[in-house]
Peer 1: 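The structure follows.
Below, chain A is the first sequence line, B the second, and so on; all start at residue 1.
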Amino acid sequence: MTTDSTPSPNFIRNIVAEDLKTNKNNGRVHTRFPPEPNGYLHIGHAKSICLNFGIAAENGGLCNLRFDDTNPSKEEVEYVESIMEDVRWLGFDWDDRLFYASDYFEKLYEYAEELIRKGKAYVCDLSPEEIRAYRGTLTEPGKDSPYRTRSVEENFDLFQRMRAGEFEDRSRVLRAKIDMSSPNLNMRDPVIFRILRAEHHRTGNKWCIYPTYDFTHCLSDSIEGITHSLCTLEFEDNRPLYDWVLDQLDVPCHPQQIEFARLNLSHTVLSKRKLLELVEQKHVTGWDDPRMPTLSGLRRRGYTPESIRNFCERIGVAKRESTVEIALLEHCLREDLNKRARRVMGVLRPLKVVIDNYPEDLVEEMEAINNPEDLAMGTRKVPFSRVLYIEQDDFHEDPPKKFFRLAPGREVRLRYAYYITCVNVVKDSKTGEVTELHCTYDPETRGGSSPDGRRVKATLHWVSASHSQEAEVRIYDHLFTKEHPTDDKEVSDFKIHLNPNSLEALTSCRVEPGLRDAPPGSRFQFERLGYFCVDSVDSTDAGLIFNRTVSLKDSWAKIQKAQKKKGQP
RNA sequence: UGGGGUGUCGUCAAGUGGUAAGACACGGGCCUUUGGAGCCCGCAUUCGGAGGUUCGAAUCCUCCCACCCCAGCCA
């Protein structure tokens with residue numbers, strides 16, 4: 001079912017292939033996915049996960065899962081659990097290679113001591129404000145800290161006492177001694193250990209000093225024998241520091257850091273900070289709200305891991321900052337679901353139809369194909385009776401041009417059932433709203449074709465009124481109305497572009513009786529409408545709830561749009 | 001005004017001196033018991049701009065322009 005076309009080349013694949021050719025790491029390829037457990041994973045992380053696990057798998061290598069948990073004030077176990085679940089759901093396996101940067105704290109402490117011993121690090125007593133002032137600016141060099149020349153012995157002693165908890169939070173730091181006049185600000189004696197009394201989700205209160213990212217990441221990579229350390233563009237300036245640390249120390253290996261552009265998706269935001277804001281301010285119901293671009297949100301929405309992996313392959317990997325149209329993601333989803341989703345009929349906005357010439361008490365079981373794309377999925381029986389529901393949109397009393405569906409006097413086909421002709425329209429005397437249709441059926445057309453070869457232009461989905469099951473259906477639209485919500489130069493708050501209609505709950509939908517026991521998360525195509533899944537959180541035996549995962553392509557909507565445009569040029 | 005990056009179709013993206021892949025989107029057609037799916041066709045004489053090197057340049061050189069990132073004891 002997967003398309004096994006050779007993966008398209010990208011600059012990282014090229015580098016790895018070249019390294020393999022020159023036997024750079026003795027033929028080893030070892031990557032890692034290093035999330036910080038301070039939020040839920042989103043589709044942007046999926047790109048990184050697919051890249052890291054993919055590059056390894058393609059080359060007979062390995063990929064580790066490593067939590068970059070060096071900042072206890074932001075990190076939580078809830079996040080580490082969700083991250084593991086999401087990576088597994090996406091289809092990747094780290095076997096026994098689950099690591100935490102916090103596993104290396106002791107080792108990192110020793111490396112810091114080694115740096116001190118070599119005269120390459122010092123304890124600095126400057127306050128955070130002073131450190132900033134001493135750092136200089138983009139255009140001006142910084143100046144040396146007065147503590148920069150402390151003796152190795154004093155630094156050693158002070159660092160040990162930092163660990164022992166003798167000093168206040170933020171009163172001292174350990175800094176790498178590099179170059180305060182470097183044009184790269186990261187090289188101006190960066191902080192590598194800070195004092196921070198916070199309970200760590202794994203090490204508890206064992207430590208009151210914590211290593212910073214720059215010191216931790218490169219060493220963790222080295223300890224794990226990583227060959228290619230893939231990260232996003234904003235770390236490009238950190239690469240010289242990554243290399244510097246590994247060059248000073250006696251380490252197992254020196255991985256190569258390679259930066260690629262992070263994913264941006266139209267009509268949504270992909271930043272943990274902004275997503276957290278939406279969650280905290282209740283613009284969505286949670287990290288797993290089906291409108292969220294998080295993996296848990298997409299999963300609940302009904303996305304398949306295959307479609308996301310395929311998407312990640314198709315967007316490519318490059319260094320150019322870019323925003324992928326969400327239409328591509330939706331395309332990958334439809335492509336996958338089309339092949340595997342069971343077809344079923346459901347009416348979202350029911351309109352009652354009475355077949356006047358159909359026997360009052362007769363019920364026929366019409367045979368329906370479960371998936372025309374995969375006949376092996378078999379058939380099912382759908383009950384047909386005198387009173388039915390069809391979609392309100394499928395009837396027009398005064399049909400516009402190119403509208404093929406039901407209208408007074410017009411004949412259409414009911415899928416897998418009969419041809420019917422509309423003979424009468426019942427309206428609410430007050431509102432004028434169409435409340436009921438009366439039709440006649442042609443008994444000769446059972447199954448959906450007529451012996452006389454007469455053609456109809458439309459096929460409608462339907463449901464037997466008395467046999468159908470009531471359900472709620474949640475229709476989702478893009479979270480933001482604007483393609484680039486954060487690009488607005490007039491407004492600083494991206495949230496004003498939130499789509500007020502991103503969720504519409506339809507409560508009196510009717511679905512085929514066979515759906516009564518559909519398990520949570522199960523996916524279907526409601527014929528002519530789209531793909532839907534049973535909501536895994538809110539759906540119960542008492543109340544079936546479906547999420548619309550994505551609509552089918554709707555060429556009638558397109559025609560209407562074009563006509564509207566034409567009408568008012 | 002310092003440093004690091006990036007500029008190829010509406011959106012992604014191949015291309016690494018030999019004469020612009022592919023995908024999505026879009027437009028048109030065929031087919032159809034889902035206006036679904038599928039199929040076919042069209043869609044960059046041109047690669048941020050200007051010069052130069054070369055028989056030949058998106059690819060090499062020079063200059064220019066635009067955009068992104070960096071002054072957390074965040075990652």
Peer 1: Starting from the 5' end of RNA chain B, give me the residue, A:N238 or A:K47, whose nearest nucleotide shows up first.
Peer 2: A:K47

Peer 1: Assess, by modelled atom type and distance only, whether the side chains of A:R410 and A:H396 contain a donor and an acceptor separated by less than 3.5 Å.
Peer 2: no

Peer 1: Checking A:R202 against A:Y100: charged group under 6.0 Å from the ring centre and within 45 degrees of the axis?
Peer 2: yes

Peer 1: Report all interatomic pairs (protein N or O, nucleotide N or O of nucleotides 66-68 of chain B) with separations under 3.5 Å.
Peer 2:
unit_1, atom_1, unit_2, atom_2, d
B:rC68, O2', A:E321, OE2, 2.2

Peer 1: Would the distance check show the side chain of A:N155 and the main-chain N or O of A:V123 forming a donor-acceptor pair, the cut-off being under 3.5 Å?
Peer 2: yes

Peer 1: What's the closest nucleotide to the side chain of A:Q525 if the choices are B:rU34, B:rC12, B:rG3?
Peer 2: B:rU34

Peer 1: Would you kindly compare A:V324 and A:A458 by the position of their nearest RNA chain B nucleotide and give the one closer to the 5′ end?
Peer 2: A:V324

Peer 1: If you write RNA chain B from 5' to 3' in dot-bracket form, with Watson-Crick or G-U pairs under 3.5 Å, [ ] for crossing pairs and | for pairs with another strand, what do you get?
Peer 2: .(((((((.[[[..)..(...]]].(((((.......))))).....[[[[[..)....]]]]])))))).....

Peer 1: For the pair A:R13 and A:E58, find out whether any cationic side-chain nitrogen is under 4.0 Å from an anionic carboxylate oxygen.
Peer 2: yes

Peer 1: Is A:I559 touching bases, backbone alone, or none of the nucleic acid, heavy atoms closer than 4.0 Å?
Peer 2: base

Peer 1: Which part of the nucleic acid, if any, lies within contact of A:Y416, taking any heavy atom under 4.0 Å across all strands shown: a base, the sugar-phosphate backbone alone, or nothing?
Peer 2: base

Peer 1: Checking all strands, does A:I131 fall into the base, sugar-phosphate, or nothing category for heavy-atom contacts under 4.0 angstrom?
Peer 2: base

Peer 1: Could you please name the option among B:rG2, B:rG15, B:rC24 that lies closest to any side-chain atom of A:L185?
Peer 2: B:rG2

Peer 1: Report which part of the nucleic acid A:E36 touches: base, sugar-phosphate, or nothing (heavy-atom distance under 4.0 Å, all strands).
Peer 2: sugar-phosphate

Peer 1: OP1 or OP2 of B:rC69 less than 4.0 angstrom from a side-chain nitrogen or oxygen of A:R262, does that happen here?
Peer 2: no

Peer 1: Give a yes/no answer on whether the side chain of A:S8 brings an N or O atom under 4.0 Å of OP1 or OP2 in B:rA23.
Peer 2: no

Peer 1: Students often get this wrong, so: under 4.0 angstrom with heavy atoms, is A:D214 touching a base, only sugar-phosphate, or nothing?
Peer 2: nothing

Peer 1: Taking the minimum atom-to-atom distance to the side chain of A:K558, which one of B:rC12, B:rG3, B:rG27 wins?
Peer 2: B:rG27

Peer 1: I'd like to know if the side chain of A:D214 pairs up with that of A:N238 as donor and acceptor (distance under 3.5 Å, no hydrogens or angles considered).
Peer 2: yes

Peer 1: Just to confirm, is there a sub-4.0 Å distance from OP1 or OP2 of B:rC12 to any side-chain nitrogen or oxygen of A:R314?
Peer 2: no

Peer 1: Quick one: do the A:D221 and A:Y242 side chains pair a donor with an acceptor below 3.5 Å?
Peer 2: yes

Peer 1: Indicate yes or no: does A:R380 engage A:E512 in a salt bridge with an N to O separation below 4.0 Å.
Peer 2: yes

Peer 1: With sequence neighbours left out, what residues match A:E76 under salt bridge (charged side-chain N to carboxylate O under 4.0 Å, His left out)?
Peer 2: none

Peer 1: What residues from residues 70-79 of chain A pass a heavy-atom cutoff of under 4.0 Å to RNA chain B?
Peer 2: A:T70, A:N71, A:K74

Peer 1: Using a heavy-atom cut-off of 4.0 Å across all strands, would you classify A:N10 as base, sugar-phosphate, or nothing?
Peer 2: sugar-phosphate

Peer 1: Whether the side chain of A:S182 engages the backbone of A:D179 through a donor-acceptor N/O pair (distance < 3.5 Å, no angle test) should be reported.
Peer 2: no

Peer 1: If you look at every strand shown and take non-hydrogen atoms under 4.0 Å, does A:L241 touch a base, only sugar-phosphate, or nothing?
Peer 2: nothing

Peer 1: Kindly indicate whether a cation-pi arrangement holds for A:R163 with A:Y109, taking the cut-offs as under 6.0 Å to the six-membered ring centre and within 45° of the axis.
Peer 2: yes

Peer 1: Does A:R334 reach a base, just sugar-phosphate, or nothing at all? Heavy atoms under 4.0 Å.
Peer 2: nothing

Peer 1: Once you apply a heavy-atom cut-off of 4.0 Å, does A:R175 come out as touching a base, just sugar-phosphate, or nothing?
Peer 2: nothing

Peer 1: Under the side chain to side chain donor-acceptor pair (under 3.5 Å) test, which residues partner A:H45, sequence neighbours left out?
Peer 2: none

Peer 1: Checking all strands, does A:S182 fall into the base, sugar-phosphate, or nothing category for heavy-atom contacts under 4.0 angstrom?
Peer 2: nothing

Peer 1: Quick one: is B:rG36 close enough that its OP1 or OP2 comes under 4.0 Å of any side-chain N or O from A:R415?
Peer 2: no

Peer 1: Within the structure shown, what part of the strands sits under 4.0 Å from A:I315 by heavy-atom distance: base, sugar-phosphate, or nothing?
Peer 2: sugar-phosphate

Peer 1: With respect to the phosphate group of B:rA75, does any side-chain polar atom (N or O) of A:R194 fall under 4.0 Å of OP1 or OP2?
Peer 2: yes

Peer 1: Once you apply a heavy-atom cut-off of 4.0 Å, does A:P240 come out as touching a base, just sugar-phosphate, or nothing?
Peer 2: nothing

Peer 1: Is there, by distance only and without an angle test, a donor paired with an acceptor across the side chain of A:E140 and the base of B:rG2 below 3.5 Å?
Peer 2: no

Peer 1: For the residue pair A:F235 and A:Y213, does the interplanar ring angle fall in the parallel (under 30°), tilted (30 to 60°) or perpendicular (over 60°) class?
Peer 2: tilted

Peer 1: Backbone N or O of A:F33 within a donor-acceptor pair of the A:N52 side chain at under 3.5 Å?
Peer 2: no

Peer 1: Distance criterion of 3.5 Å, no angle test: do you see the side chain of A:D237 paired donor-to-acceptor with the base of B:rG3?
Peer 2: yes

Peer 1: Looking for any heavy atom pair under 4.0 Å, which part of the strands does A:Y210 touch: base, sugar-phosphate only, or nothing?
Peer 2: nothing

Peer 1: When you measure from the side chain of A:R523 to the backbone N and O of A:Y303, does any donor-acceptor pair fall under 3.5 Å?
Peer 2: yes

Peer 1: With sugar-phosphate meaning primed atoms plus P, OP1 and OP2, does A:F403 contact a base, only sugar-phosphate, or nothing at under 4.0 Å between heavy atoms?
Peer 2: base

Peer 1: For nucleotides 38-42 of chain B, which of its nitrogen or oxygen atoms have a protein nitrogen or oxygen under 3.5 Å away, and what is each distance?
Peer 2:
none

Peer 1: Is any NZ, NE, NH1 or NH2 atom of the basic residue among A:K482 and A:D487 found under 4.0 Å from an Asp or Glu carboxylate oxygen of the other?
Peer 2: no

